[in-house]
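These notes concern the structure reproduced below.
Just the heavy atoms: all of them, side chains too, but no hydrogens, waters or symmetry mates, feed the values below.
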Amino acid sequence: MGRKLILCVLMFQLVCGQTPPAKYQCLQIVNGYDCSGRNLESVPDIVSNTTQNLDFSFNNLPNLYKSTFGSFSELLSLDLTRCRIDLMFEDAFVAQAKLQTLILTGNPLIFISVEAFSGLKSLAHLIMPQTAIGDLEHLPISKLQLETLDISSSSLHTLEGLAAICMTKMKLLNLARNHIPSISASDLTVFKGAKEDLEVSFRSNDILSMEPGAFRSLRFRSLDFTNCFARVDVSVVLTGLEGVTTETLRLGTFEGERRWDITAVSLRSLCNVTVSHLNLQMQHWAGVSNATFECMGGLKILEMTQLHINNFPDKITTMGKLSELNLDRNALKNVCDISAHSFPSLKSLSMRDMGVYVGKLIFLNSCLQNLSHLEYLDLSCSELKVEGSCCEKHLQGLGHLRLLNLSYNSPMQWDALPFSATPELRHLDCEHVRVNLSTSAPFSNLELLETLNLSMTTISLAHPRLLEGLKSLVRLELSENPVPGGMLSDPNTFKHVPLLESLVLAQCQLTAITGDLFRNLTKLTYADFSANYLTKLGTFFSPAAAINLNFAHNRIELVDIDSIKGLGPNSSVDLSYNPLVCNCSNIEFIDWAKANADKLMHFGDTLCNLTNQRVKPSEVNLVCTNFAGLEAFCIAVLIIVVVAAVVAIVKKAVKKTQRYEQYTQL
């Protein structure tokens, strides 16, 4: 009755154009309230004065006064995203001495009082992108000791006023996507007092000029000039960066943006830049020669994604320190074309998506044997074409390789022991590669392998020795590999992988799982059998185990209650999109579902058939009789009746016999 009355009051207020009571407008969250998107003009009374986190975004606060948040002195974070704030008056946050994070994203901020931020003694993160601020001098934050200042996507046309900002604790300064045309040495003097772990982004500013040596003697963790080359080439920025020290330098661009030809001359100033990680993504190289790499001797990481590179010079003598090389989406036709001997310290090599430009990427025998320190190799999505059987000879010399990604490539014929050259592999991904392999144990030497993805490879669990030797395997994926006959029943299937924690057998055309198949998998925490043809959920796993089971999109009608009733608090089962029945044969599952909705994943999509309707198990009310018990009771009664009748007949016969004997004696 009370609930109906509340609904009536709300309906009346909505019809009459009144605002519903405040307690129906804000949701309680951890240590605070979410009042976002309610078209509020003030903080509702329901919000406690002791709240620490307040999300007040997407409301209507055109003016901020001292009184707006004056009673909320315990705030630690305040989100005012897109509240249409035009004017911010004196002492607007004077009561928020504990506030650490203030978000002002997407507000016009036409006027900010010089004393607007007074009182913010603990503020560390000021997030205010997409505002109308055109000059840092109009941002009164000189007294704040910020760690993060984000004023990206705004209207800045100059760096004047940057010198007034305290950089003592600053870790991230985001000036991306503004309209800053030039940078001078005088603009950057403020960084001399900054910490060496400072990250600064000038991304997507339309740079016209930069004073040569403007960044000289300055130190950063990261400098980002990505997509700043609409009107100048990379040499203009590099000239301004001469003398700088930074761990990461980003000088790339984006798809569809103007690209200037990069030449060895363009990179000449790089000789006077101290940098470990250089990103040049999507620039255009006019030609690659030994001179191209002359000024890259100090690099440890080089990202050259989509630079249209089709060859490397034979003798690069400056790249001895390089440990990571990214060549994704280039035009190399052969893995050998990278001149592996030029990178003796390389630990990571990525050559993904080469097929986009060259059709097929050829991989010849012993092509990378000079990369003896290589630990990570990604050749995925490149229409990789191997010479002969793979991959014993192709991986020669890569004895320390830990991760190998061959996924989404051309069909391969595997050697009997394809990865004999890489015994230290931890992760192997061959997804979407049609593989032909012998009946031998292909992974028997990979005792350290932890993850194996063989999805969409036509390799089935029916292979008699598939998992032999994989004693350290933690994750196994075999999705979309049909199981012959549709049945898993061999109890020895998983005996070689006792440490397995995750098993994915989705879309394998499974019709049944029988026997004690998973008895050795005591550490299993996730099993995915979705999109198969299973018709019944039986007792496959130990009910006491903490496990997440996925049986979605099968043909399951009945659920053996013993298979799920023991699922612990950290366990779950997904039975969504199955044709579950809503009759007394499934009553135990229906009752369990009502009591354990938190253990049913995708609860809203877990439906059963009831009189031609699809309903949630929690909405089903059945009156079921225990016919088995009734039958036993009836049999017992019948036996008693029969015994009683027999006893009565015997007694009657005895009496007749006694009477006959008495009569004959007379």
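Remark: side-chain polar atoms of Asn520 are not paired, donor with acceptor, to backbone N or O of Phe494 under 3.5 angstrom. Asn365 places no side-chain N or O within donor-acceptor distance of the main-chain N or O of Gly388, the cut-off being under 3.5 Å. A donor-acceptor pair under 3.5 Å is absent between the side-chain atoms of Thr457 and the main chain of Val435, judged by distance alone. Side-chain N or O atoms of Asn481 include one that pairs as donor or acceptor with a backbone N or O of Thr458 at under 3.5 Å. The closest donor-acceptor contact from the side chain of Ser440 to the backbone of Ala416 lies under 3.5 Å. Checking side-chain atoms of Thr606 against main-chain N and O of His602 turns up a donor-acceptor pair under 3.5 Å. The backbone N or O of His308 lies less than 3.5 Å from a partner atom in the side chain of Asn330, making a donor-acceptor pair. Judged purely by atom type and a 3.5 angstrom limit, Asp378 has no side-chain atom pairing as donor or acceptor with the backbone of Arg352. Using modelled atom types, one side-chain atom of Asn532 and one backbone atom of Cys508 make a donor-acceptor pair closer than 3.5 Å. Between the side chain of His394 and the main chain of Glu387, a donor-acceptor pair closer than 3.5 Å is present.
Taking the side chain as every heavy atom from C-beta outward, Phe518 and Ile513 approach each other to under 4.5 Å. Counting heavy atoms from C-beta on, the side chains of Asp197 and Lys171 come closer than 4.5 Å. Between Met354 and Leu327, the closest side-chain pair of non-hydrogen atoms falls below 4.5 Å. The shortest distance between side-chain heavy atoms of Met319 and Leu346 does not fall below 4.5 Å. The shortest side-chain heavy-atom distance between Lys393 and Asp415 does not fall under the 4.5 Å cut-off. Side-chain atoms of Asn621 and Lys594, non-hydrogen and from C-beta on, do get closer than 4.5 Å to each other. Side-chain contact check for Leu368 versus Ile338: some heavy-atom pair is nearer than 4.5 Å. At least one side-chain heavy atom of Val573 sits less than 4.5 Å from a side-chain heavy atom of Leu600.
In this structure, Ser345 has no side chain to side chain contact (heavy atoms under 4.5 Å, CB included) partners at least two apart in sequence or on a different chain. With sequence neighbours excluded, the residues that form a side chain to side chain contact (heavy atoms under 4.5 Å, CB included) with Lys616 are Phe603, Leu607, Ser618, Glu619. Contacts of Ser444 classified as side chain to side chain donor-acceptor pair (under 3.5 Å), with partners at least two apart in sequence or in another chain: none.
Taken from CD in Glu375 to NE2 in His400, the straight-line distance is 8.5 Å, to the nearest 0.5 Å. Separation of atoms CG (Asn609) and CG (Asn578) is listed at 11.0 Å; rounding is to 0.5 Å. Summarising the geometry, atom OG belonging to Ser380 is positioned 6.5 Å from atom CG belonging to Asp353; distances are rounded to the nearest 0.5 Å. Here the straight-line distance linking atom CG of Leu467 with atom OG1 of Thr493 works out to 8.0 Å at 0.5 Å rounding. Interatomic distance, CZ of Arg250 versus CG of Asn279, reported as 5.5 Å (0.5 Å rounding). Taken to the nearest 0.5 Å, the CG atom of Leu452 stands 7.5 Å off from the CG atom of Leu466.
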Are Ser563 and Leu549 close enough, and set up right, to give a side-chain contact (heavy atoms from CB on, under 4.5 Å), and what steps lead you there?
-> CA-CA 11 Å; Ser563 66; Leu549 304 172; over 6 Å; no

Verify side-chain contact (heavy atoms from CB on, under 4.5 Å) between Leu401 and Leu425, making sure each step is shown before the conclusion.
-> CA-CA 6 Å; Leu401 201 65; Leu425 271 183; 4.2 Å; yes

Give the intermediate values and the outcome of side-chain contact (heavy atoms from CB on, under 4.5 Å) for residues Leu503 and Val497.
-> CA-CA 11 Å; Leu503 174 63; Val497 288; over 6 Å; no

Criterion side-chain contact (heavy atoms from CB on, under 4.5 Å) on Met304 and Leu325, from CA distance to verdict | CA-CA 8 Å; Met304 305 173 76; Leu325 178 60; 4.1 Å; yes

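Taking each heavy atom of Ala340 and Cys367 in turn, the nearest pair found is CB-O, 4.2 Å. Contact detail for Leu406 and Cys391: the closest heavy-atom pair is CD1-SG, 4.2 Å. Closest heavy-atom contact between Glu392 and Ser420: CG-OG, 3.0 Å. A pairwise comparison of heavy atoms in Asn370 and His341 identifies ND2-CB, 3.7 Å as the closest pair. The two residues Cys584 and Leu622 make their nearest non-hydrogen contact at N-CD1, 4.1 Å. Residues Lys360 and Ser410 come closest through the heavy atom pair NZ-OG, 3.3 Å.
Aromatic ring pairs are classed by plane angle as parallel below 30°, tilted from 30° to 60° and perpendicular above 60°; the pair His432 and Tyr408 is parallel. Using bins of under 30°, 30° to 60° and over 60° for the plane-to-plane angle, the ring pair Phe312/Phe343 lands in the perpendicular bin.
Each ring-ring contact (aromatic ring centres under 6.0 Å, His included) pair with one or both residues in residues 551-595, not counting sequence neighbours, appears once here: Phe529-Phe551, His553-Tyr577. Counting only residues at least two apart or on different chains, no ring-ring contact (aromatic ring centres under 6.0 Å, His included) pair has a member in residues 364-388. Applying the disulfide bond (SG atoms under 2.5 Å apart) rule to pairs touching residues 585-620 yields Cys582-Cys608, sequence neighbours excluded.
Judged purely by distance below 3.5 Å, without hydrogens or angles, the side chains of His125 and Thr101 never pair a donor atom with an acceptor atom. Using a 3.5 Å distance cut-off with no hydrogens or angles, the side chains of Asp328 and Thr305 do not pair a donor with an acceptor. Side-chain atoms of Thr451 and Arg475 form no donor-acceptor pair, as typed in the model, at a separation below 3.5 Å. Under the 3.5 Å distance criterion, with hydrogens and angles disregarded, a donor-acceptor pair is assigned to the side chains of Ser572 and Asn548.
Counted within 6.0 Å of CZ on Arg519, heavy atoms from surrounding residues, nucleotides or ligands total more than 12; the atom is thus considered enclosed.
Salt bridge Lys471/Glu447: present, at least one basic N to carboxylate O contact under 4.0 Å.
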